[in-house]
Amino acid sequence: MAVERNLWASLRATTIARVGLGRAGDAPPLGDLLTFQLAHARARDAVGTTLDVARLTAELQPLHVRQVSSLARDRIQYLRRPDLGRQLDRSWADDLSRGPFDAVFVVADGLSAKAVNDNAAAFISACMDRLASWRFAPIVLAQQARVAIGDEIGSRLEASLAVVLIGERPGLSVPHSMGVYITYNPQPGRTDAQRNCISNIHADGLNPEQAAQKAAWLMSEALARKLTGVDLKDAAPDAGGLGIEKGGES
Amino acid sequence: MSGYSSSVNGTRYTFEDLRSLLAAASPRRSGDELAGVAAQSEEHRIAARFALADVPLKQFLSECLVPYEADEVTRLIVDTHDSAAFRKVAHMTVGDLRDWLLGYEADAEALRALSPGLTPEMVAATCKLMRNQDLIAVARKCRVVTGFRSTLGLAGRLSSRLQPNHPTDDLHGIAVSTLDGLLYGAGDAVIGVNPATDSLANCIDMLRMLDAVREKYDIPTQTCVLAHVTTAIAAMERGAPTDLVFQSVAGTEAANASFGVNLGILREAYEASQSLRRGTVGSNTMYFETGQGAALSANAHHGMDQQTAEARAYAVARAFKPLIVNSVVGFIGPEYLYDGKQIIRAGLEDHYCGKLLGVPMGCDVCYTNHADADQDDMDTLMTLLTVAGMTFIITVPGSDDVMLNYQSASFHDLLYLRSALNVRAAPEFEAWLERMQMKDAQGRVRPVTSQTPLLAGIVAGEMTSRGG
């Protein structure tokens with residue numbers, strides 16, 4: 001048994017997959033079962049978390065913060081109707097003062113609000129430090145929101161770039177991961193192919209500072225080249241090393 | 001357009017066309033509600049079923065759900081319809097066919113003979129008039145046998161895909177997950193990796209590694225890297241060891257275009273894979289995945305409900321004599337199948353429709369973390385599908401796919417299904433398990449010890465040398 005245990009310890013170093021579990025008859029042993037259930041419970045809980053507006057507002061000071069909501073009225077409708085999560089509830093929209101601005105940061109709950117509660121303020125602050133001369137719109141906190149809500153917000157604010165920070169779909173190994181989607185000339189109807197994405201921002205992945213470095217590069221290039229999406233990704237000299245991906249729906 | 005109607009307790013319900021009638025008759029699911037084609041009330045839904053039951057099957061041959069001129073999948077369905085096989089049921093309504101399918105006369109041979117005479121839309125229509133037990137009862141009578149290095153779909157058998165995915169396509173990591181699965185007796189349908197990166201060089205590296213493992217241990221199975229079909233064609237041109245060609249397919253031309261494929265490209269890949277002649281016990285070389293919601297997510301559903309669109313994907317699949325096909329039922333997300341109940345129902349529907357249309361149907365029994373589903377729901381679905389005679393089930397280490405970030409069935413689940421429902425691996429693979437001394441006197445897969453020959457080889461350092 002000791003030989004097996006040592007063997008699996010070395011094999012496990014090659015993958016985070018759940019290999020080398022034991023057996024209780026045909027089933028996994030209880031320890032593995034409960035470990036799995038805990039991971040699933042954390043992922044499920046992540047979907048139900050909400051934007052911590054008070055915390056984000058405090059951490060973002062002295063920046064101005066505006067709150068908006070999508071047309072999805074609750075979590076259940078949000079999950080069932082992705083189309084509603086992409087549209088701005090107009091009753092909030094009058095509050096958005098017009099630009100022009102170089103960029104607007106939109107902090108969206110997505111599928112794991114805790115991910116943005118934990119990472120958004122540090123990311124935004126690090127980005128702004130790198131782009132000191134830019135004109136930024138007030139930070140928009142968007143509830144029940146999907147990535148594309150940034151298109152309508154950016155368009156209303158007359159911002160050249162919409163930068164949407166959003167909680168990614170929770171996984172068993174990482175329940176609270178933030179993604180960042182950058183869109184040039186945001187307008188309703190933009191597709192994911194027209195965005196650039198930085199994903200995997202969390203305590204054990206990319207930290208907010210590293211993510212901000214990539215984002216600032218992309219934002220500068222996007223403004224200079226007047227585009228985002230596949231063409232910008234291909235233009236990046238070491239896009240692979242930067243971990244920059246084409247957009248995906250969140 | 002004549003339209004369809006029924007009256008329930010004095011209320012008259014009308015349906016503009018066959019497409020909207022099928023949609024209204026469908027069991028409730030989030031994708032049809034998202035598309036705006038679902039019934040407006042529970043009574044409306046059942047009224048649609050009454051109306052659908054009375055529709056003559058012949059009507060499906062004259063009323064296309066997607067226009068013939070606009071869609072190559074419709075053309076495939078119409079042009080390959082076998083009117084001689086259809087003659088047996090040509091006088092029937094949808095309701096008659098549902099009753100006939102459940103009758104004792106409809107045995108494996110009768111269903112096999114009828115299959116080319118049925119269109120996906122006819123099969124989808126019967127599906128809407130069936131309870132879950134009906135879907136199981138008819139599917140388990142169907143027999144679809146295919147082969148490559150193992151024979152799949154025989155009575156009393158359940159095969160499995162071993163899915164050793166890795167977040168960065170690390171070859172050692174993939175090899176370790178492959179070994180893990182083999183030690184549970186998984187992998188007789190295919191050892192198939194979803195690549196994290198769809199680059200040609202990467203896919204060729206993975207194909208070579210998987211083929212080397214299979215050759216080294218003389219495993220009677222087939223390997224596959226589930227890259228885009230155009231990548232597979234390029235890999236074959238470069239001589240990469242390719243057993244099966246994979247592609248995701250859907251039920252409309254526009255949805256397939258969103259996957260970057262059409263029937264011509266699939267035909268090219270099919271012919272290239274056929275020319276390699278790598279199979280030993282059979283020559284089925286294609287592997288397709290499908291899933292309810294795929295057409296809608298590409299905005300290519302043409303107003304059809306998602307289950308009917310899904311059934312049309314099986315017409316695409318069967319044109320290329322696949323070794324295996326599976327729906328990825330709970331993968332696409334809660335906006336299409338909201339919870340465990342909807343996923344379970346859809347899994348049974350997909351399997352039933354596939355089998356009746358002559359497709360070797362398996363399932364990725366799975367869910368995502370934003371769906372209202374859990375392992376208990378998956379236990380129910382995998383048990384029901386095994387009773388229904390599914391060809392194969394997808395299995396991953398500990399139910400956790402660490403690349404695609406969703407939960408599928410586990411190697412342990414396969415052992416449970418084999419024990420609880422007395423189903424066995426493909427005969428060639430079963431003989432290999434015996435040769436490898438992995439079965440006990442009761443035919444069960446033994447727990448691993450360091451004496452297990454596969455593992456003993458590893459201890460001796462055969463598979464783990466890190467190289468560089």
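These values consider heavy atoms only, across backbone and side chains, with no hydrogens, waters or symmetry-generated copies. Predicted, not measured: the structure shown is a model, and the values here were computed from it. Chain identifiers are assigned alphabetically (A, B, ...) following the order of the sequence lines, protein sequences preceding nucleic acid strands; residue numbering begins at 1 within each chain.
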Side-chain heavy atoms of Thr15(A) within contact of Asp170(B), under 4.5 Å: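 The answer is no; the side chains never approach within 4.5 Å.
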
Is there side-chain contact between Leu21(A) and Pro397(B), with at least one heavy-atom pair below 4.5 Å?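 No. Closest side-chain heavy atoms not under 4.5 Å.
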
[X], part contacting chain A, at a heavy-atom distance under 4.5 Å:
{"X": "Arg446(B)", "value": "backbone"}
{"X": "Thr368(B)", "value": "side chain"}
{"X": "Pro164(B)", "value": "neither"}
{"X": "Phe411(B)", "value": "neither"}
{"X": "Asp372(B)", "value": "both"}
{"X": "Val396(B)", "value": "neither"}
{"X": "Leu404(B)", "value": "backbone"}
{"X": "Ala373(B)", "value": "backbone"}
{"X": "His166(B)", "value": "side chain"}

Using a 3.5 Å distance criterion without hydrogens, assess whether the side chain of [X] forms a donor-acceptor pair with backbone atoms of [Y].
{"X": "Asn369(B)", "Y": "Pro170(A)", "answer": "yes"}
{"X": "Asp180(B)", "Y": "Gly20(A)", "answer": "yes"}
{"X": "Arg44(A)", "Y": "Ala371(B)", "answer": "yes"}

Do NZ/NE/NH1/NH2 and the carboxylate oxygens of Arg80(A) and Glu33(B) come within less than 4.0 Å?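 Salt bridge: yes.
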
Output the option from Leu33(A), Val47(A), Val19(A) having the highest count of non-hydrogen pairs under 4.5 Å with chain B.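 Ranked by heavy-atom pairs under 4.5 Å with chain B, first place is Val19(A).
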
With Tyr367(B) via ring pair (Phe, Tyr, Trp, His ring centres under 6.0 Å) - residues at least two apart: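 His40(A).
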
Lys NZ or Arg CZ of Arg23(A) over Tyr416(B) ring: under 6.0 Å, within 45°: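 No, cation not above the ring by the 6.0 Å, 45° rule.
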
Contact leader toward chain A among Val402(B), Asn165(B), Asp401(B), where contacts are heavy-atom pairs under 4.5 Å: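 Top count of heavy-atom pairs under 4.5 Å with chain A: Val402(B).
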
